[in-house]
**Q** 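My structure is below; once you've seen it, I'll send some questions.
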Amino acid sequence: MTALRADLLKKELGIFTFKDLLEHYPFRHLDKTKLDKIAGLSAANEYAQVAGKITEINILGEKRTRRLVVTLEDETGEIELVWFQGINWVQKAIFKGQQYLVFGRLGFFMGKPQIAHPEIETFTPQKADGKNFLEPVYPTTEKLKVKGLNGRVLGKLTAALLQLVTEKDLPENLPEPLIKQYKFISHFSACRQIHFPATDRHYQHAVRRLKFEELFFAQLRMGLIRSSRHRHSKGLLFDQVGDLFNTFYNNYLPFELTAAQKRVLKEIRKDAGSGKQMNRLLQGDVGSGKTIVALMLMLIAADNGFQAVLMAPTEILAQQHFNSITSVLKDMPVCVKMLTGSSKAKERKEVLKLCEDGSLHILIGTHAVIEDNVLFKNLGFAVIDEQHKFGVAQRAQLWKKNTIPPHVLVMTATPIPRTLALTAYGDLDYSVIDELPPGRQPVLTLQRSESTRPQVMDFVKEEIGKGRQAYIVYPLIEESSKVDYENLQKGYEEVKSFFPEPKYWISMVHGKQDAAQKETNMQRFVKGDTQIMVSTTVIEVGVNVPNASVMVIESAEKFGLSQLHQLRGRVGRGAEKSFCILLTGPKISNDARERLKIMTATNDGFKIAEKDLEIRGPGDIEGTRQSGLLNFKLANIVHDKLMLEAARAAAENILDTDPDMNEEVNVPVKIHLQQQKGKTAWSKIS
Ligand code: ADP
Ligand code: MG
């Protein structure tokens with residue numbers, strides 16, 4: 001292959017090695033025996049494959065409209081082929097009067113069928129011997145096509161490569177029993193059949209096998225990180241349940257824990273008492289009561305002589321955690337302090353001193369708590385609330401806070417479907433609070449048109465009349481967008497006209513306010529001095545005002561599903577019946593309509609998360625770090641759930657029984673993993 005082409009393959013498709021080329025899978029196969037008749041093409045055909053003779057080749061237009069227009073006819077009619085790029089190259093490669101096979105996305109121009117930038121090659125009719133003849137078609141790019149590296153040329157390269165490789169180059173990589181159990185074809189034949197299958201059934205078998213491999217090795221790699229942490233990491237030992245925990249549990253715990261809270265507490269205590277470092281993800285829907293679990297664990301840390309931090313994504317949330325935690329601990333000898341970006345210098349100095357000399361037990365704050373100048377005498381436990389606002393780097397910063405890294409508990413209220421959790425967080429241990437505290441009533445969610453705003457406001461008035469409070473939330477598309485703030489201001493004025501002072505008082509909170517101002521406005525609402533909170537999504541996470549029973553979301557069609565669910569979670573936290581009203585504008589996209597439908601249908605965060613995953617695909621889900629982990633070539637965690645579970649189970653089985661993979665049956669797996677680490681024998685494409 002020429003250096004130029006090799007270079008293009010690298011740049012355009014990331015194909016560096018022969019292995020990359022083999023793993024550049026066709027996105028479909030062409031059955032050359034199946035041709036469309038031109039006269040029979042209609043708008044119902046998304047793609048067309050036709051064969052015929054070129055009757056005309058013309059260059060039309062000037063400069064930017066310059067295009068190559070070719071007419072191809074079969075015995076039933078004519079179709080137009082158009083190129084806007086690579087005109088010279090195509091022109092040299094095709095000839096009037098010759099037969100060609102053409103494939104591409106079908107369009108109609110002035111009622112005539114047309115294909116822009118089709119795939120084209122000389123046509124040699126296949127013998128109709130009753131057998132399928134499946135030719136692979138590969139993803140390619142316009143740039144490659146222009147240089148003659150179209151999907152079919154890639155196919156030829158792959159075919160040539162497959163001529164050279166033997167079973168030795170592509171050895172079996174799954175344990176024999178697994179292959180038997182799932183009736184997989186061999187790795188070697190899968191690699192061949194996915195490109196050049198004899199029949200569609202062969203192709204399906206190859207895809208099934210290779211998908212499983214992708215999922216299995218991903219699970220195994222993450223599982224190895226997890227299990228090696230379990231086996232080799234050194235962790236701080238929390239082996240005592242002491243006075244602080246017991247006193248709190250017996251005297252100050254304001255309610256009975258739910259069964260799920262108790263179970264999770266046990267899981268985590270076991271982990272932290274094992275002498276290994278814990279890295280755990282705690283999931284629980286909004287309002288499921290994660291905070292109290294975190295607090296009790298921080299008390300265990302203190303009982304064992306360690307300090308703890310609780311890190312929240314916003315000042316408002318940090319403040320609220322601080323208030324509620326200091327209030328339940330007020331009669332206990334526990335030193336709790338707060339540190340945020342807006343802590344005053346004097347206060348900050350004081351807090352830093354207490355951290356360093358060890359007299360502080362619990363530090364609550366924003367990311368200010370992990371800055372380099374915050375030194376702990378003996379940090380043992382770190383809780384990160386509402387995980388998705390923190391990056392992996394920030395978590396790593398935490399680890400450096402003690403010579404032996406502290407136990408880390410990551411809490412998230414953005415429910416993540418199990419499949420996604422297994423894939424994106426497979427290296428973390430995983431606990432779920434899957435139960436809400438008793439007595440909660442589901443929030444009744446309704447969608448209403450903006451034109452009914454007066455009636456909606458009347459309803460809000462009624463609720464306020466019963467002594468309740470209400471949120472009115474405006475979308476904030478971009479943190480800095482001027483328009484958004486103008487809308488918010490307008491909205492505020494409008495709300496004011498419905499709810500005039502002094503009968504009603506309104507708080508407003510948004511991201512442009514400084515922390516003190518935000519805090520004052522928030523506190524007025526928390527204390528009940530104001531009945532209405534007008535805000536942007538800054539109140540999205542965590543904020544807890546049980547007396548608030550109505551949430552109105554303006555332009556609800558502009559919000560994502562998980563955001564709507566988070567927002568709605570602000571109401572329905574008390575004993576009162578709560579309402580969430582989604583006000584929508586006149587234009588609603590299909591996706592938005594789908595989102596609104598789900599919101600009005602269910603309160604279950606996990607169901608919503610599953611739907612979100614379906615609508616948006618895994619790459620976009622908030623809270624997925626390193627999305628590279630989700631970049632499978634064949635597998636799709638939405639559609640291949642069952643296979644993911646099977647792959648997970650198979651990987652777990654190896655990790656449980658033979659984690660070093662020394663047993664004969666597991667050796668192929670081990671070799672494959674080692675090769676994937678870059679020690680491959682595959683030569684580079686040059
Ligand atoms: P989240 O999991 O969304 O962070 P919180 O920890 O803020 O939820 O808890 C929500 C509310 O439920 C708080 O007011 C908390 O005091 C209360 N709560 C937590 N656990 C229980 C329980 N077992 N019984 C009753 N109320 C509870
Ligand atoms: Mg919370």
Side-chain angles (χ1 to χ4, degrees), residues 248-250 252-266 268 280-299 309-330 362 364-366 383-390 409-416 431-443 469 471 522 525-528 537-549 551 562-576 578 580 603-606 608-609 622-623:
F248 180 75
Y249 191 86
N250 295 326
Y252 302 112
L253 184 63
F255 34 68
E256 172 84 7
L257 293 178
T258 63
Q261 284 171 319
K262 284 185 192 160
R263 171 173 43 77
V264 166
L265 210 51
K266 222 181 261 167
I268 298 174
R280 185 172 282 270
L281 179 70
L282 173 57
Q283 270 207 69
D285 208 345
V286 280
S288 60
K290 294 181 288 294
T291 321
I292 198 79
V293 171
L295 171 61
M296 293 172 79
L297 292 163
M298 292 195 284
L299 292 176
V309 294
L310 169 59
M311 186 157 73
T314 63
E315 297 224 355
I316 290 182
L317 203 54
Q319 183 71 52
Q320 197 153 52
H321 279 321
F322 181 75
N323 295 350
S324 65
I325 288 176
T326 45
S327 110
V328 286
L329 292 183
K330 67 180 185 301
I362 295 175
I364 296 171
T366 54
V383 182
I384 303 178
D385 195 18
E386 309 298 347
Q387 182 278 328
H388 58 276
K389 306 276 152 119
F390 289 107
L409 182 69
V410 169
M411 305 200 295
T412 170
T414 308
I416 305 167
S431 292
V432 192
I433 303 185
D434 49 6
E435 177 186 2
L436 293 179
R440 295 274 169 83
Q441 299 188 46
V443 178
Q469 289 165 283
Y471 293 98
M522 193 65 220
F525 187 67
V526 173
K527 288 201 197 104
T537 53
V538 290
I539 56 134
E540 181 187 338
V541 277
V543 175
N544 190 25
V545 181
N547 188 47
S549 66
M551 166 157 295
S562 72
Q563 211 174 20
L564 286 172
H565 179 65
Q566 284 291 313
L567 285 169
R568 179 171 61 183
R570 299 310 108 217
V571 294
R573 301 175 82 86
E576 311 303 337
S578 293
C580 175
N603 274 283
D604 182 335
F606 284 92
I608 291 172
E622 215 181 336

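Please read all numbers here as calculations on a predicted model, not as lab measurements. Whatever order the structure lists ligands and atoms in, that order sets their numbers, starting from 1.
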**Q** What atoms of ligand 1 come closer than 4.0 angstrom to any heavy atom of E256?
**A**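 Contacts of ligand 1 toward E256, numbered from 1: 22 (C), 23 (N), 24 (N).
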**Q** Mind checking whether I292 has an N or O less than 3.5 Å away from an N or O of ligand 1?
**A**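 No, I292 has no N/O under 3.5 Å of an N/O on ligand 1.
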**Q** Has R440 got a side-chain atom pairing as donor or acceptor with G287's backbone, closer than 3.5 angstrom?
**A**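 Indeed, once roles are kept as given, a pair shorter than 3.5 Å links the two residues.
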**Q** Could you walk me through whether N603 and R568 satisfy the side chain to side chain contact (heavy atoms under 4.5 Å, CB included) test, starting with their C-alpha distance in whole Å, then the side-chain angles of each, then the deciding distance to 0.1 Å, before giving a yes or no?
**A** CA-CA 9 Å; N603 274 283; R568 179 171 61 183; 3.6 Å; yes
**Q** Going by the order shown, which atoms of ligand 1 are within less than 4.0 Å of some heavy atom of L257?
**A**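 Taking each heavy atom of L257 in turn, ligand 1 has 23 (N) under 4.0 Å.
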**Q** Closest by any non-hydrogen atom to atom 12 (O) of ligand 1: pick that one out of R440, Q566, R573.
**A** R440
**Q** As a test of understanding, state which of T258, V293, L297 forms a side chain to side chain contact (heavy atoms under 4.5 Å, CB included) with V264.
**A** V293
**Q** Do R263 and D434 sit within salt-bridge range, that is, some charged N less than 4.0 Å from a carboxylate O?
**A** yes
**Q** Looking at T258, which atoms of ligand 1 are within less than 4.0 Å of one of its heavy atoms?
**A** 23 (N)
**Q** Only heavy atoms of S288, strictly under 4.0 Å: list the atoms of ligand 1 that pass.
**A**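 This gives 2 (O), 8 (O) as the contact atoms.
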**Q** Decide, yes or no, whether a salt bridge links E256 with K262 under the criterion of side-chain N to carboxylate O below 4.0 Å.
**A**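 Yes, this pair counts.
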**Q** If you count the atoms of ligand 1 from 1 in the order shown, which ones are under 4.0 Å from a heavy atom of T291?
**A** 4 (O), 5 (P), 6 (O), 7 (O)
**Q** Apply side chain to side chain contact (heavy atoms under 4.5 Å, CB included) to the pair D285 and I433, showing each step before the final yes or no.
**A** CA-CA 7 Å; D285 208 345; I433 303 185; over 6 Å; no
